[in-house]
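Order of the sequence lines fixes the chain letters, A, B, ..., with proteins taken first and strands second; residue numbering starts at 1 for each chain.
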2 protein chains.
Amino acid sequence: MENNAPPKPTETELEILQILWQHGPSTVRFVNEAQNKTKETGYTTTLKLLQIMFEKNLVLRDEESRSHVYRAAVTEEETQQRLLDRFLDTTFRGSAMKLVMQALGNHRTTPAELDQIRHLLKKLENDSSNADL
Amino acid sequence: MENNAPPKPTETELEILQILWQHGPSTVRFVNEAQNKTKETGYTTTLKLLQIMFEKNLVLRDEESRSHVYRAAVTEEETQQRLLDRFLDTTFRGSAMKLVMQALGNHRTTPAELDQIRHLLKKLENDSSNADL
DNA sequence: ACTTGTCTACGAAGTTAGTCGTAGAACGAG
DNA sequence: CTCGTTCTACGACTAACTTCGTAGACAAGT
């Protein structure tokens, strides 16, 4: 019954993953309290969510002590990439360009960040003249 | 009972909006056939969805002829922007930078497109030295 | 040992999205 | 006029997500 392959996390599951990514392995209580800073949530609600996420292989848990310690089973980057791909398809019909333009156009970006992007652009330009990796 | 303010479209609603944006005002049948090119969908399913979207003010409809003609009540850009904002928050914790980097890094972008982004960057840089709009 | 508090496990209820069946109106042949 | 087709409207069913209540295990303090 143990199936691998972590699926797309739901909205709330993602919030929990964010907490785990930010703070590392945590108990249910910790996660719950972190959640409550944003949105009132019952303890058992958080518990249940984590249990479900465990079933889905979205998180792992250490059952040594009485309070289990949960940690993300997927990395933040992996997940972001996966969600981004999907989002790109559904919302921007696959045009990374349009997405980037809108993201840059409508959100305050510091000059330093713009510079960072400029570097990436240069790097991409160079790579594109080479063989595809 | 008529409340304005179009809400966040769901996954399937978005697919329908895409069709309307691409092809302009359409009948239920047309939308349904477009959907079927991707995914087998019953006629009444499409109908119901459009009716619901009508209630939600996501689409408008012309009831002149027997087959109603639906059209998007929101523009593609508006909607993309709104979904992007949300996505940015939930998935990238608000960092437009990280999103852009990942989008550019992992999707084939043509040199022409890179150039277009470069122009935008220059424009942003100039604007940032002015007063904030 | 008893009480109090914290933990896991489990099940049930509420919500929303998506699916479709069926009924009845409208239309167009023949 | 009557039959078959196409349409809208409506209601019901399923599945997934989220929420929480309750029960029982476990530990700690008095």
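Every residue two or more places apart in sequence or in another chain that forms a salt bridge (charged side-chain N to carboxylate O under 4.0 Å, His left out) with A:Glu63 is listed here: A:Arg61. Scored by the side chain to side chain contact (heavy atoms under 4.5 Å, CB included) test, B:Thr38 finds no partners at all (sequence neighbours excluded). With sequence neighbours left out, A:Asp62 forms a side chain to side chain contact (heavy atoms under 4.5 Å, CB included) with A:Glu64, A:Val69. Every residue two or more places apart in sequence or in another chain was checked for a side-chain hydrogen bond (donor to acceptor under 3.5 Å, both in side chains) with B:Gln22, and none qualifies. In this structure, A:Arg29 has no side-chain hydrogen bond (donor to acceptor under 3.5 Å, both in side chains) partners at least two apart in sequence or on a different chain. When the side-chain hydrogen bond (donor to acceptor under 3.5 Å, both in side chains) test is applied to B:Thr45, no partner is found at least two apart in sequence or on another chain. Scanning for salt bridge (charged side-chain N to carboxylate O under 4.0 Å, His left out) contacts around B:Glu77 gives A:Lys98, with sequence neighbours left out. Partners of B:Thr46 under the side-chain hydrogen bond (donor to acceptor under 3.5 Å, both in side chains) rule, at least two apart in sequence or in another chain, are B:Asn32, B:Gln35.
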Indicate for each nucleotide in nucleotides 24-30 of chain D, in 5' to 3' sequence, whether protein heavy atoms under 4.0 Å reach the base (B), only the sugar-phosphate (S), or nothing (-).
-> -BB----
Readout for nucleotides 12-20 of chain C: B = base within 4.0 Å of protein heavy atom, S = sugar-phosphate only, - = neither; 5' to 3' it is -----SSBB
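In the model, A:Glu76 has no side-chain atom that pairs as donor or acceptor with a side-chain atom of A:Thr79 under 3.5 Å.
Judged as a ring pair (Phe, Tyr, Trp, His ring centres under 6.0 Å), the pairs with a partner in residues 25-44 of chain B (not counting sequence neighbours) are, in order, B:His23-B:Phe30.
The end-to-end axis angle of the helix from C:dA1-D:dT30 to C:dG30-D:dC1, rounded to 10 degrees and based on five pairs per end, is 10°.
With rounding to whole Å, A:Tyr70 atom OH is found 6 Å from C:dT8 atom P. Taking atom CG of residue A:Leu47 and atom C1' of nucleotide D:dA23, one finds them 13 Å apart after rounding to whole Å. Nucleotide D:dC17 holds its C1' atom 15 Å from the CD atom of A:Glu55, rounded to whole Å. Put simply, NE2 on B:His68 is 14 Å from C1' on C:dC27, counting in whole angstrom units.
For the OP1/OP2 pair of D:dT8 and a distance below 4.0 Å, the side-chain nitrogens and oxygens of B:Gln51 include no atom meeting the criterion.
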